[in-house]
Amino acid sequence: MELDLSKPTSFHQIFSYRSQDQPNHTWFYYPEPVNAEHYRELTFKGTDDLINHLAAQYSTLLPKADKSTISKATPKSIPNPPMVVATLGSNNVQLLLTGLAAQRMQHCYIHISPLNSDAGILSLLESMDAKVLIADHVFYARAEILAAQMQGVHLARMIEFDPVDELKKDLKTFDYDITRDESNDCSFILHTSGTSSSAPKAIWHANKSMLTSPPFVVRMTTITTGLLYHGMGGGVAIFVANISASMALPLAKNPNHRTLPEVINSVKALPNPSRLLLHPILAEAILEAYGKKNSPELEYLRRLASMEVGGGKLSSSVGNELRDLGVNVRTAIGCSEAGVFPLRNEPTKENWDSLVPTSDYHAKWEHIEGNQYELLINDPPTLALNISIPKDNMYHTNDVFEECPPKSGKWVYVGRRDAMLIHSMGLNTNPVPWENALRSHHEIEECQLIGHGRRGPLIVVQLNWNNVDDESKARHSIWKAVEEYNNNVMAWSRVQHPEAVVILPRGCCLERSDKDTIRRGVNVKKFEQEINQGYQNWDRAAPLAKA
């Protein structure tokens, strides 16, 4: 069978093709190096030239790919096992260019999130059998400490420059075969956000799977607040290049953190922004900061085709309030393991986040209880390379939906089927280690960590009244234990305020199953009033940060 090489077969090749047919089209808007109030523009041709420029330099700095450097952890489905190049850098265009240059050298790259603990990063490097770690000036000292703990890892300092200024200089060239079919090669690795209790999981991807996926909430100019190691950042960069669109990062003075005014300034500064892709916590903050007063900033958001919320579930009340204010909020749902889900957002009067299947063949529903179903994907068209498909060709997404209203064919996402808590900003917390640590406290009979779809974790405590003389003293003692355990978890997994500790009244019991495990869903419903009151008390004592 003849190969169709009329289209790019890998992510980095996209820019070689686009530099010929749309050389002056802007691919990336990035903040100027000094003044974060303005954007600079990087075209498809400029990107391709810089990729070559970087590849030529790194080819002399990095070790050669041979039997000693090829990853032994490469999934068996990869015909050409790569050398894995990991980057630890700030969330900026420089990070993307470095990864593209690595791929042009026929390596596989992963942008490691600096939010992970040192143990999590080491786990990622070891699980991928990475042989190269490239770090920018912000994280280089940390990278030195990490590299010293591993054998055979080559540490390199990231080549940094301002893209527009660099293009004015004499650029180095890099010789590679643009006609080479790289569709089955491993292009890059996404990863989950591991906490201290669960190591990050590497998710390997081939070029073919990403290039054949339909665009993911991408239009002509999309601003994404998602980090580049995540599908909301790195994945969007792939999709916009593949459909000749444009992408922008927020105008943040600190690329790893953006404030709410910086996000609004980003919408104002771009010539024709069409999409804003952000986490639920930012949507909540927008409503709190601007929606309550119907502030002028809302006008810029009303001009957008849509404000897409992904990486977690935004509450229906917040979504509906924003839509009532004229902001076209939509839900963006996808999966790092299975590409884009066979669902599309079709808002109804009752549910702004209503979804309908795009394919009755791919979308299947497994009944759980009541009106709740898990989405299964039959014969997934794209799939992460290290995810095996069961014999029935069904991929279990572990995502739970409700049909609203029943038998309508319209579905609303309600959460994960497993115990993992996904907070409103899209980051995960494993509740089990938390609960195990606190159960040993002599004044605690039982406890459960809450927080799915919320701003952060809240702990519900059933006291052992045989060991409690004074409830206020017990609360103080338990908070001290919480503060101590906070030191062992990632920032987003900490119980952040005393009001986030809910003590149940005497006589109230957290339900347990016959297997002596917490009945999580039952308790959330049973103590819904106490949980909601706990979050309200926390919000009053420490309002949601506008970040």
Side-chain angles (χ1 to χ4, degrees), residues 213-226 231-232 235-236 239 243 245 263-264 267 273-288 290-292 294 297-335 339-360 362-363 365 371-375 377 397 399-416 422 424-426 452-454:
S213 295
F216 175 58
V217 298
V218 169
R219 291 300 182 267
M220 292 315 298
T221 303
T222 298
I223 308 171
T224 176
T225 63
M232 282 181 66
V236 167
F239 290 129
I243 67 168
V263 173
I264 300 297
V267 179
S274 57
R275 294 288 187 269
L276 173 62
L277 181 59
L278 73 173
H279 285 104
I281 192 171
L282 280 173
E284 294 169 1
I286 285 171
L287 177 63
E288 183 70 24
Y290 306 126
K292 302 299 184 183
N294 198 18
E297 287 83 355
L298 285 178
E299 186 56 37
Y300 295 97
L301 299 178
R302 294 187 182 109
R303 297 174 189 174
L304 295 171
S306 69
M307 188 170 80
E308 308 276 350
V309 181
K313 181 174 173 57
L314 180 67
S315 71
S316 295
S317 60
V318 173
N320 286 328
E321 285 188 66
L322 285 169
R323 289 179 69 84
D324 289 343
L325 289 166
V327 181
N328 185 24
V329 183
R330 298 175 67 92
T331 184
I333 187 164
C335 175
V340 180
F341 278 5
L343 303 174
R344 71 168 178 267
N345 183 214
E346 281 193 5
T348 64
K349 185 177 181 180
E350 294 78 18
N351 296 103
W352 68 274
D353 52 351
S354 180
L355 300 151
V356 298
T358 58
S359 165
D360 290 335
H362 289 306
W365 303 96
N371 189 35
Q372 293 192 340
Y373 298 78
E374 179 186 354
L375 172 64
I377 303 181
T397 66
D399 285 311
V400 179
F401 295 78
E402 290 184 349
E403 196 172 13
C404 298
K407 299 183 180 180
S408 66
K410 298 184 181 298
W411 302 84
V412 173
Y413 173 71
V414 295
R416 299 285 287 171
I422 304 178
S424 59
M425 77 292 288
H452 190 83
R454 303 277 196 161

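Here CG of Asn328 is found 9.0 Å from CG of Leu304. Values are rounded to the nearest 0.5 Å. Taking CD1 from Ile264 and CD from Glu297, the interatomic distance works out to 6.5 Å, rounded to the nearest 0.5 Å. The CG atom of Leu277 sits 6.5 Å away from the OG1 atom of Thr225 when rounded to the nearest 0.5 Å. In this structure, CG on Leu314 lies 12.5 Å from NE2 on His279, to the nearest 0.5 angstrom. Note: Thr397 OG1 to Ile333 CD1 = 7.5 Å, rounded to the nearest 0.5 Å. Note that CG of Asn345 is 8.5 Å distant from OG of Ser306, once rounded to the nearest 0.5 Å.
Residues satisfying the side-chain hydrogen bond (donor to acceptor under 3.5 Å, both in side chains) test with Asp399, not counting sequence neighbours, are Tyr413, Arg416. Shown here are the side-chain hydrogen bond (donor to acceptor under 3.5 Å, both in side chains) partners of Glu374, two or more places apart in sequence or in another chain: Arg417.
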Item to check | Worked check of side chain to side chain contact (heavy atoms under 4.5 Å, CB included) between Trp365 and Leu375 | outcome: CA-CA 5 Å; Trp365 303 96; Leu375 172 64; 3.8 Å; yes
Next on the checklist: Let's go through Val329 and Val318 carefully: what are the C-alpha distance in whole Å and the side-chain angles of both, what is the deciding distance for side chain to side chain contact (heavy atoms under 4.5 Å, CB included) to 0.1 Å, and is it a yes or a no?
Outcome noted: CA-CA 10 Å; Val329 183; Val318 173; over 6 Å; no
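The main-chain N or O of Arg275 is never found under 3.5 Å from a side-chain atom of Thr222 such that the two would form a donor-acceptor pair. Remark: side-chain polar atoms of Asn371 are not paired, donor with acceptor, to backbone N or O of Glu402 under 3.5 angstrom. At least one donor-acceptor pair under 3.5 Å links the side chain of Ser274 to the backbone N or O of Thr221.
Looking at heavy atoms from C-beta onward, Pro273 lies out of side-chain contact with Tyr300 at the 4.5 angstrom threshold. Between Leu322 and Leu301 the shortest side-chain heavy-atom distance does not fall below 4.5 Å.
Glu284 and Arg454 are not joined by a salt bridge, as no carboxylate oxygen comes within less than 4.0 angstrom of a charged side-chain nitrogen.
Counting heavy atoms of neighbouring residues, nucleotides and ligands inside a 6.0 Å radius, atom CG of Asp360 does not exceed 12 of them.
Residue pairs meeting the salt bridge (Lys or Arg N to Asp or Glu O under 4.0 Å) criterion with at least one member in residues 344-358, sequence neighbours excluded: Lys313-Asp353, Arg344-Glu346, Glu346-Lys410.
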